Amino acid sequence: MSFENLHTYSPAQYDSILSVFTLTAAVFAAVLIYSLATASSLSPRYRILSVLTGVVMVSATIELGLLALQWSSAFSFDGEQYVRGDSLFSNGFRYMNWSIDVPVLLTQLLIVAGLTGRVFFTRWASFVVAGLAMIWTGYVGQFDEVDGGARFWAWGGISTVFYLWLLYVAYQSVRDAKALAPSSVTRLLDVVWILFLVSWTIYPLGYLMPQISNSSDGAVIRSFIYSFADISSKAVYGVLLAIIAQKVSAADGYRPSIESSFWLSKDETKANA
Ligand code: RET
């Protein structure tokens, strides 16, 4: 059971959680439109990136929408505070959403890195195996988050081993990307790496939250950190990868990328015109 169910919430706490769910769903819906509408500014080689961002956004919008509905049906107002009703709130949905989004986000990294053929396939296979193993072992562990005993820590530990493997493969891929990319995007690739490292590493903090603060404030903080991590690792990341892909498309001489971009520097535009 998720530890959110153990507590009662003031109207402010209850509303903050509901608002952050709906805000996050709205951000994803917005990025969905943005991504599909700007797909034609990427050369055909990179256009699949926009589609994949669309896939992530649809699944994440649905997930956050469902979490919001579940939150509002799990608690009801007793005149003073929000107390638990007949149904439970569960973070399990998140793990199911990650099962779709994590492999897709990692595939996007390989596409932007410009990898192809065998290398692409071996990296991709490592990502999918490590990503799903990380999520599903964590899923098993979170069922014990309330008692926080040996099983919680053991599954969390196993999950972390898969996470470290995944990070290593991601690091290799960013390094390869920098070697292959035009110089106009090497700094942005460093930003991708930092964004990736920070936003992904926030998720385990959400896992640990019941042990850090088993309280209604802890539940509010958990919803905030998950949303911050979600918006950074899916939405900001998706937009950033599309900017990089547009710059690379422009450097390759793809005209629609050059003509439609307001963030290409003058030099980039002139060099390619
Ligand atoms: C778990 C369990 C505890 C240990 C670790 C975890 C890592 C989770 C991560 C999730 C990333 C999710 C993303 C979702 C985007 O849609 C499973 C919480 C290390 C890194 C990026």
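For the numbers below, each heavy atom of this structure counts, side chains included, while hydrogens, waters and symmetry mates do not. Ligands are counted one by one from 1 in listed order, and the atoms in each one are counted from 1 as well. In this text the structure is predicted, and so the values were computed from the model without any measurement.
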Novice: Identify the closest protein heavy atom to atom 15 (C) of ligand 1: which residue and atom is it, and at what distance?
Specialist: Lys234 NZ, 3.5 Å
Novice: Could you check atom 19 (C) of ligand 1 against the protein and tell me its nearest heavy-atom contact, residue, atom and distance included?
Specialist: Pro204 CG, 3.6 Å
Novice: Taking Asp252 for its side chain and Tyr254 for its backbone only, find out whether a donor-acceptor pair lies under 3.5 Å.
Specialist: no
Novice: So, regarding Tyr163 and ligand 1 (criterion: nitrogen or oxygen to nitrogen or oxygen, under 3.5 Å), is there a contact or not?
Specialist: no
Novice: What part of Thr201 sits under 4.0 Å from ligand 1 if we count only heavy atoms: the side chain, the backbone, both or neither?
Specialist: neither
Novice: Cut-off 3.5 Å, side chains only: do Ser43 and Ser249 have a donor facing an acceptor?
Specialist: yes
Novice: Looking only at protein heavy atoms, which one is nearest to atom 8 (C) of ligand 1, and what is the separation?
Specialist: Tyr203 CB, 3.7 Å
Novice: Hey, does the side chain of Thr201 reach the backbone of Val198 with a donor-acceptor pair shorter than 3.5 angstrom?
Specialist: no
Novice: Looking at non-hydrogen atoms alone, which of Tyr237, Phe196, Trp200 comes nearest to atom 21 (C) of ligand 1?
Specialist: Trp200
Novice: Donor-acceptor pair, Asn91 side chain versus Arg94 backbone, under 3.5 Å?
Specialist: no
Novice: Are the side chain of Gln211 and the backbone of Leu208 linked by a donor-acceptor contact shorter than 3.5 Å?
Specialist: no
Novice: To the nearest 0.1 Å, how far is atom 14 (C) of ligand 1 from its closest protein heavy atom, and which atom is that?
Specialist: Trp98 CD1, 3.4 Å
Novice: Checking Asn97 side chain against Glu63 main chain: does a donor-acceptor pair fall under 3.5 Å?
Specialist: no
Novice: In terms of atom number and element, which parts of ligand 1 are under 4.0 angstrom from non-hydrogen atoms of Ser233?
Specialist: 15 (C), 21 (C)
Novice: Measure across Val27 and Ala235 and return the closest heavy-atom pair with its distance rounded to 0.1 Å.
Specialist: CG1-CB, 4.3 Å
Novice: Using a strict cut-off of 4.0 Å, indicate which atoms of ligand 1 neighbour a heavy atom of Gly156.
Specialist: 4 (C)
Novice: If the plane angle is over 60° it's perpendicular, under 30° parallel, otherwise tilted; pick one for His7 and Phe3.
Specialist: perpendicular
Novice: Where the closest heavy atom to atom 4 (C) of ligand 1 is concerned, which of Ser99, Ser159, Pro103, Ser232 has it?
Specialist: Ser159
Novice: Which residue owns the protein heavy atom closest to atom 18 (C) of ligand 1, what's the atom, and how far is it?
Specialist: Tyr207 CB, 3.8 Å
